[in-house]
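Taking it in order: structure first as structure tokens, then the write-up.
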Amino acid sequence: MQSVLKFLKDNPTYYIATVDGDEPKVRPFGFVMEYNNRMYFCTSNQKDIYKQLKANPKFEICACSPKAEWIRVKGKAIFDQDIKVKTKALEVAPGVAGIYKTPDNPIFEVFYIDEAEATFCSFTSEPKTIKF
């Protein structure tokens, strides 16, 4: 998991894909953190992504580096209401704190990836897949 976190933090705009019915939906994200040996993300429960992940928790992330290396991470979203996780998210991400203000904000949602699999790719080497 550490190599995945490092790649996402080194390339802080990544794209997360979900489905809405039978239509793919992709949008940029930027927040990721490790807490209790899990990789967490956050969103608002007012957004379509929240509704899509509640309906079908499978999602995939893709990020690319300036060196033409990329990562694809797939797994299942597990929403977590633990106030400690939300507090940590606000501590480590000032941008998130600026949006949600307090960990008990009723629209603030955090989720972690379960059943995760990451594939590191480039044009110069074979793909490497890890599960975490």
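Residues Phe29 and Arg27 are in side-chain contact: their nearest non-hydrogen atoms beyond the backbone lie under 4.5 Å apart. Using a 4.5 Å heavy-atom threshold, the side chains of Phe108 and Cys42 count as touching. Using a 4.5 Å heavy-atom threshold, the side chains of Met39 and Val32 count as touching. The shortest side-chain heavy-atom distance between Ile49 and Ser44 does not fall under the 4.5 Å cut-off. Counting heavy atoms from C-beta outward, Glu34 and Met1 have side chains that approach closer than 4.5 Å. Looking only at side-chain heavy atoms (C-beta outward), Pro28 and Tyr14 stay at 4.5 Å or farther from each other. Looking at Arg38 and Ile113, their side chains never come closer than 4.5 Å, going by heavy atoms from C-beta outward.
Between Pro66 and Asn11, the shortest heavy-atom contact is CD-OD1, 3.4 Å. What you find for Thr102 and Leu90 is that their closest heavy atoms are C-CD1, 3.4 Å. Contact between Val92 and Phe31 at its shortest, heavy atoms only, is CG2-CE1, 4.0 Å.
Rounding to the nearest 0.5 angstrom, the gap separating the CG atom in Leu8 from the OG atom in Ser65 is 11.5 Å. To the nearest 0.5 Å, atom CD of residue Glu60 and atom CZ of residue Arg72 are 4.5 Å apart. Annotation: the span from Lys25 atom NZ to Ile16 atom CD1 amounts to 15.0 Å, rounded to 0.5 Å. One distance of note links OG1 of Thr18 with CD of Glu23; it measures 11.0 Å at 0.5 Å rounding.
Counting only N and O atoms by type, the side chains of Glu69 and Ser122 include no donor and acceptor under 3.5 Å apart.
The number of heavy atoms from other shown groups lying within 6.0 Å of NZ (Lys58) does not exceed 12. For CD of Glu126, the number of neighbouring non-hydrogen atoms (other residues, nucleotides, ligands) closer than 6.0 Å is 12 at most.
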Practice task
Show your working on ring pair (Phe, Tyr, Trp, His ring centres under 6.0 Å) between Trp70 and Tyr15 and close with a plain yes or no.
Solution key: CA-CA 11 Å; Trp70 65 97; Tyr15 296 85; over 10 Å; no
Exercise for the section: Kindly indicate, with the supporting measurements, whether the criterion side-chain contact (heavy atoms from CB on, under 4.5 Å) is fulfilled by Val19 and Gln52. Expected result: CA-CA 6 Å; Val19 292; Gln52 292 158 4; over 6 Å; no
Exercise for the section: Dump the intermediate steps for side-chain contact (heavy atoms from CB on, under 4.5 Å) on Lys51 and Asn45, then the final yes or no. Expected result: CA-CA 7 Å; Lys51 296 171 189 118; Asn45 59 27; over 6 Å; no
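Using bins of under 30°, 30° to 60° and over 60° for the plane-to-plane angle, the ring pair Phe41/Phe59 lands in the perpendicular bin.
Cluster membership check: Phe111 does not share its hydrophobic cluster with Val85, using side-chain heavy-atom separations under 4.5 Å among Ile, Leu, Val, Met, Phe, Trp and Tyr.
With hydrogens and angles disregarded, a donor-acceptor distance shorter than 3.5 Å links the side chain of Asn105 to the backbone of Ile107. Although no hydrogens or angles enter the test, the distance criterion places no donor-acceptor pair under 3.5 Å between the side chain of Tyr112 and the main chain of Asn37.
The side chain to side chain contact (heavy atoms under 4.5 Å, CB included) test with Ile130 singles out one residue from Val4, Thr119, Val73, and that residue is Val4.
Residue pairs that meet the salt bridge (charged side-chain N to carboxylate O under 4.0 Å, His left out) test with at least one member in residues 3-14, sequence neighbours left out, are Lys6-Asp10.
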For a quick test of your reading: what N or O donor-acceptor pairs under 3.5 Å do the side chains of residues 74-81 make, sequence neighbours left out?
residue : atom : partner : partner atom : Å
Asp80   : OD1  : Asp82   : N            : 2.9
Asp80   : OD2  : Tyr40   : OH           : 2.6
Gln81   : OE1  : Lys86   : NZ           : 3.2
Gln81   : NE2  : Glu109  : OE1          : 2.8

